[in-house]
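What's counted below: heavy atoms across the whole structure, side chains too, no hydrogens, waters or symmetry copies. Just so it is clear, the structure is predicted and the values come from calculations on it, not from any experiment. Residue numbering restarts at 1 for every chain, and letters A, B, ... go by the order of the sequence lines.
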Amino acid sequence: MALALYNTLTRRKEAFQPLNPDHVGMYVCGPTVYDRAHIGNARPVIVFDVLYRLLSRLYPKVTYVRNITDVDDKINQRSKDSGEPIEVITARTTRLFHDDIAELNALPPTIEPRATAHIAQMLDMIGRLIAKGHAYAAEGHVLFSVPSMSDYGKLSGRSMDEMIAGARVEVAPYKKNPADFVLWKPSTPDLPGWDSPWGRGRPGWHIECSAMSGQYLGTTFDIHGGGLDLVFPHHENEIAQSQCANGAPFARFWLHNGHLMVEGEKMSKSLGNFFTVRELLDQAPGEALRLYMLSTHYHQPFDWTADGLKQARAVLDRMYTALRNSAEVAAEICDPPAEVLAALEDDLNTPLAIAHLHELTTVLNKATEAADKARAKGALLAAAGMLGILTQDPEAWFRWQPANTAAGLSDADIEALIVARADARKARNFAEADRIRKELADSGVLLEDGAQGTIWKRA
RNA sequence: GGCCGGAUGGCAGAGUGGUGAUGCAGCGGACUGCAAAUCCGCGUACGUCGGUUCAAUUCCGGCUCCGGCCUCCA
């Protein structure tokens, strides 16, 4: 089975053929570093991480570019409010972003370019757009002339007339056409700025992605991804800038992940249902957050609920239990099972892939011969690797507790109580044994008596 | 107002023109000092009204409801 991806550009699922069969290029819009990542930011990170893993398996070389936007008016505002220098805010937020998503088992991209390190490329592109009549300078701004591009609006499927009719913004007086958008804007002395032929200024929102994708992936490349909300205007404008400046097609496949809701409601700060990744990492292991995210197809809206997160954790409990119960055999090294690859190759059908993981878990649980166990374990782990889960030692998984929790029973306390209970059981004092088990259960520790003794886990 | 998605069993969530999703929860059984874990078995489903078809949850159309986007939000 070949890789098929839903392409927003054609609104169809298409067979994916890379431009160069030996080297796939993918660009995904990364974070604007002014605040900690929230779960909405985490979705594209996780979704495109799975795609990156899949592409890396299917093709000899993959270059995955995910930018860091470190020049933006939201950052400027944050600095103004807090008094902290911009560089301090962006450096810290970038570091926290890396910390957070590492816990979600997201692999680092091949290249993670920062916008401020590519101002020269942006200015070059703006210069070429002006030279070709696709942009004009006005009052210190440089604007992209939307009417200069005949097929503008192709990605988002809207016409010029619609956009003008539906425009909700006040039209700046320096715009020749209400749909024109900013490539470069003037900076006052207190704002970050770079010298340019149009005066000291800073880039508009869209130009950085055009400049950086072109720099690292070439003018035409395979895949461009991001959140569904970026289709318009961000990605539409990236296409306009890049194609008009380069005279060549831009990204061939456009992939967009759906948005997040929380407990059935749109996620928003005013509703107070806005979770950062860090807050959630105190509720459940990163792997549970990741699996939960992948339990809905990436194109669908995702409804984040407390119960859903609990279920995702229960799913991993089941899989890690199977691994723990087969700890005595080494996993056989093997390729991921065909049905798992087929599910992922069918437009990243992660829910179906997870269903296959359940089946593989059952196979492992049922295996009795060592060779069967080793094979089943290898298949499960290889499949899980495609999704970036089951990466830790099962014992570590079952011992997990929130980092900042008030200390409950330590591992040593628990082991001591288990020994005491084993003695009581040996003496057939089941009342005492059950009392100890209850005591542990009340502290969130569950026991399982097996042939090889008693094992435990934190609920 | 314009554009785009969606509606599947108690819950989550795939998929399909005719037969099993999967998991959780529930019920019954095996196992267990009792549990837990595991295994086996069981049940309930495709919003609504029409159309196409030998056959529709699946294709087409109307309706209802829900969600998203419409200039700097992933």
Side-chain angles (χ1 to χ4, degrees), chain A residues 8 11 28-32 37-48 69 72-74 146 153 156-159 161-172 175 178-182 185 203-206 225-234 236-237 256-261 264-269 292 295-297 299-303 305 307-308 310-315 317-319 321-322 324-325 343 346 349-359 361-362 364-366 368 425 428-431 433-434 437-438 441 446-451 454-457:
Chain A
T8 306
R11 286 164 217 293
V28 176
C29 291
T32 300
H38 57 70
I39 44 173
N41 299 312
R43 170 117 101 146
V45 170
I46 293 170
V47 163
F48 290 104
T69 297
D72 181 276
D73 286 352
K74 285 192 293 296
V146 169
S156 53
R158 57 193 81 202
S159 71
D161 294 346
E162 282 167 15
M163 281 180 289
I164 292 163
R168 292 198 299 198
V169 286
E170 216 173 304
V171 178
K175 286 189 180 182
D180 293 349
F181 58 90
V182 171
K185 54 188 167 187
W205 178 30
H206 319 294
L228 197 56
D229 56 329
L230 295 181
V231 173
F232 187 87
H234 184 53
E236 195 70 76
N237 291 349
H256 293 98
N257 61 275
H259 265 211
L260 257 102
M261 316 218 296
E265 288 186 304
K266 181 181 171 159
M267 184 176 78
S268 77
K269 281 179 176 160
Y292 184 30
S295 68
T296 294
H297 186 89
H299 211 254
Q300 297 286 113
F302 187 102
D303 190 11
T305 65
D307 188 57
K310 210 170 118 197
Q311 280 204 26
R313 221 181 137 180
V315 166
D317 272 343
R318 177 169 185 263
M319 293 176 182
T321 297
R324 182 191 230 183
N325 291 343
D346 184 13
N349 192 338
T350 52
L352 185 58
I354 292 167
H356 290 313
L357 284 188
H358 281 295
E359 289 159 0
T361 302
T362 302
L364 176 57
N365 280 330
K366 285 164 80 168
T368 51
R425 289 182 76 213
R428 301 195 68 77
N429 182 356
F430 295 120
D434 289 348
R437 181 167 60 198
K438 173 92 168 42
L446 302 178
L447 301 185
E448 289 173 27
D449 297 327
T454 299
I455 54 177
W456 60 274
K457 64 183 176 190

Just name whichever nucleotide pairs with [N], Watson-Crick or G-U, keeping both distances under 3.5 Å, else none.
| N | result |
| --- | --- |
| B/rU52 | none |
| B/rU32 | none |
| B/rG67 | B/rC4 |

How would you label the contact of [X] with the nucleic acid (heavy atoms, under 4.0 Å): base, sugar-phosphate, or nothing?
| X | result |
| --- | --- |
| A/Asn325 | sugar-phosphate |
| A/Leu230 | sugar-phosphate |
| A/Asp229 | base |
| A/Asp434 | base |
| A/Leu357 | nothing |
| A/His358 | sugar-phosphate |
| A/Gly308 | nothing |
| A/Arg318 | sugar-phosphate |
| A/His38 | base |
| A/Thr305 | nothing |
| A/Lys310 | nothing |

**Message:** Assuming nearest nucleotide by heavy-atom distance, tell me which of A/Thr321 and A/Asn257 is located more 5' along RNA chain B.
**Reply:** A/Thr321
**Message:** Using every non-hydrogen atom in the two residues, find where A/Arg11 and A/Ser156 come nearest and quote the distance to one decimal.
**Reply:** NH2-C, 3.4 Å
**Asked** Under 4.0 Å: is that the gap between some side-chain N or O of A/Lys366 and OP1 or OP2 of B/rC40?
**Response** yes
**Item:** Check ion pair A/Asp73-A/Lys185 (N to O, under 4.0 angstrom)
**Value:** yes
